[in-house]
Number of protein chains: 2
Amino acid sequence: MTYSIAEAAHRSGLSIDTLRYYERIDLIDPPARDSGGRRVYTDDDLGWLVFLTKLRTTGMPIKLMREYARLRRLGEGTAGERKRILEDHRADVLARIDELRSCVDVLDYKIDNYERVVAGACPPETGETTPWTLAHSAG
Amino acid sequence: MTYSIAEAAHRSGLSIDTLRYYERIDLIDPPARDSGGRRVYTDDDLGWLVFLTKLRTTGMPIKLMREYARLRRLGEGTAGERKRILEDHRADVLARIDELRSCVDVLDYKIDNYERVVAGACPPETGETTPWTLAHSAG
DNA sequence: GCTTGACCTGGAGTGCGCTCCAGCACCTAC
DNA sequence: GTAGGTGCTGGAGCGCACTCCAGGTCAAGC
């Protein structure tokens, strides 16, 4: 299967402009062209694009994605290095998840407090221990 | 307790410039000043700053933080509205966590694959089903 | 009284990751 | 053969969230 740039954009969830941008900055290899000079994307191209979106979604900076793409271009010999990049990134993502979860705890606390403020005449955040430092009655 | 801008920056994890920036864009109320015109932050100020960092950490855009700050300034009557903002944001954060987790699965799959490529002569990603669409042999 | 250092202001600059645009080429359908 | 749709290029512009800077004030210590 091959895809026009519009189809590739649709299937990858990226915009047409972003696809061309990714090509300009060497995140993706220049795809094949048809007789009229238009880009033709293969399933492999699409797979790589989809994987790139996973890296972006998880906050990998484009610089590092470019480095990963560079290594990939160099072939199997760079597998170890690429593995290390992904492992490091995986650790970052897990840390980020933990960070988000602890922020959700704070949100839960605040929401619960608003619950009581909205429901009754109970003054906000009285007689309670706050779940984070310094933050009593401040939100 | 009160704090100089340097102390407030240190304790909130924000930079001095960011504190002044947050004040300029009405995220925080102008703090008190000492006789020399220098900012003096209270524990309450600090608590609000810390809470703001939670919202930022979880990706709330500054526009929405400003809206939340505006409502907070209007007093308890806006508690319901603020609660709704936090609830919506909480849902966003939980969705984000799920998204990250599913990306971690992809990373795990790739890392596991590299494991085998690096360890032996096993050709990459052969005879396996890929965990996401279109992405065989593409990374 | 002079240096030092923290802080002040208004405004300009930065880095990131796109996003948009003008002006042109090509292919298809009518 | 022409109108419309899709795509091309190089380059400019944008939104966000800061970050930096010049030129100045102020208080403390020597």
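These values consider heavy atoms only, across backbone and side chains, with no hydrogens, waters or symmetry-generated copies. Per chain, numbering begins at 1; letters A, B, ... match sequence-line order.
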Between the protein and nucleotides 27-30 of chain C, which nitrogen or oxygen pairs are less than 3.5 angstrom apart?
none

Next on the checklist: If only side-chain N and O atoms count, and only distance matters, is there a donor-acceptor pair under 3.5 Å linking A/Tyr114 with B/Arg82?
Outcome noted: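 Per modelled atom types, B/Arg82 and A/Tyr114 side chains form a pair under 3.5 Å.
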Rounded to whole angstrom units, what separation is found between the [atom1] atom of [X] and the [atom2] atom of [N]?
X	N	atom1	atom2	result
B/Tyr21	C/dC7	OH	P	22 Å
A/Met65	C/dC18	CE	C1'	13 Å
A/Arg24	C/dG17	CZ	P	15 Å
A/Arg66	C/dG15	CZ	C1'	14 Å
A/Leu19	C/dC18	CG	C1'	12 Å
A/Met60	C/dG17	CE	P	12 Å
A/Tyr22	C/dC16	OH	P	14 Å
B/Ile5	C/dA6	CD1	P	13 Å

Between protein and nucleic acid, restricted to nucleotides 21-24 of chain C and to nitrogen or oxygen atoms under 3.5 Å apart, what atom pairs and distances do you find?
none

Next on the checklist: On DNA chain C, does the nearest nucleotide to B/Ala6 precede the nearest nucleotide to A/Gly37 from the 5' side, or the other way round? Give the residue.
Outcome noted: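 So the residue in question is B/Ala6.
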Checklist entry - In chain order, what residues pass the salt bridge (Lys or Arg N to Asp or Glu O under 4.0 Å) check against B/Asp108, with sequence neighbours excluded? => result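 By the salt bridge (Lys or Arg N to Asp or Glu O under 4.0 Å) rule, B/Asp108 matches A/Arg90.
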Checklist entry - Think B/Ser4 has a side-chain N or O under 4.0 angstrom from the OP1 or OP2 of C/dC7? => result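 Affirmative; the distance criterion is met.
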Going by atom type alone, with no hydrogens or angles, which donor-acceptor pairs under 3.5 Å involve a side-chain atom of residues 93-101 of chain B and a protein atom two or more places apart or on another chain?
unit_1  : atom_1 : unit_2   : atom_2 : d
B/Arg96 : NH1    : A/Thr57  : O      : 3.1
B/Arg96 : NH1    : B/Glu99  : OE1    : 2.9
B/Arg96 : NH2    : A/Thr57  : O      : 2.7
B/Asp98 : OD1    : B/Arg101 : NH2    : 3.3

Next on the checklist: So, taking the atom named SG in B/Cys103 and the one named CE in A/Met60, what distance separates them when rounded to the nearest 0.5 Å?
Outcome noted: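 Those atoms lie 11.0 Å apart.
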Item to check | Opening and closing nucleotides of DNA chain D in contact with chain A, under 4.0 Å to non-hydrogen atoms | outcome: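 Using the under 4.0 Å cut-off, the span is D/dG5 to D/dG11.
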Item to check | Charged N-O contact under 4.0 Å between A/Asp112 and A/Arg116 | outcome: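 Yes.
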Listed pairs under 3.5 Å, donor-acceptor, residues 27-42 of chain B side chains, sequence neighbours left out:
unit_1  : atom_1 : unit_2  : atom_2 : d
B/Asp29 : OD1    : B/Arg73 : NE     : 2.6
B/Arg33 : NH1    : B/Gly37 : O      : 2.7
B/Asp34 : OD1    : B/Gly36 : N      : 2.8
B/Asp34 : OD1    : B/Gly37 : N      : 3.0
B/Asp34 : OD1    : B/Arg38 : N      : 2.8
B/Arg39 : NE     : B/Glu23 : OE1    : 2.6
B/Thr42 : OG1    : B/Asp44 : N      : 3.3
B/Thr42 : OG1    : B/Asp45 : N      : 3.0
B/Thr42 : OG1    : B/Asp45 : OD2    : 3.3

Next on the checklist: Among C/dA12, C/dC7, C/dC18, which nucleotide has an atom closest to any side-chain atom of B/Ile16?
Outcome noted: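 The answer is C/dC7, which lies nearest to the side chain.
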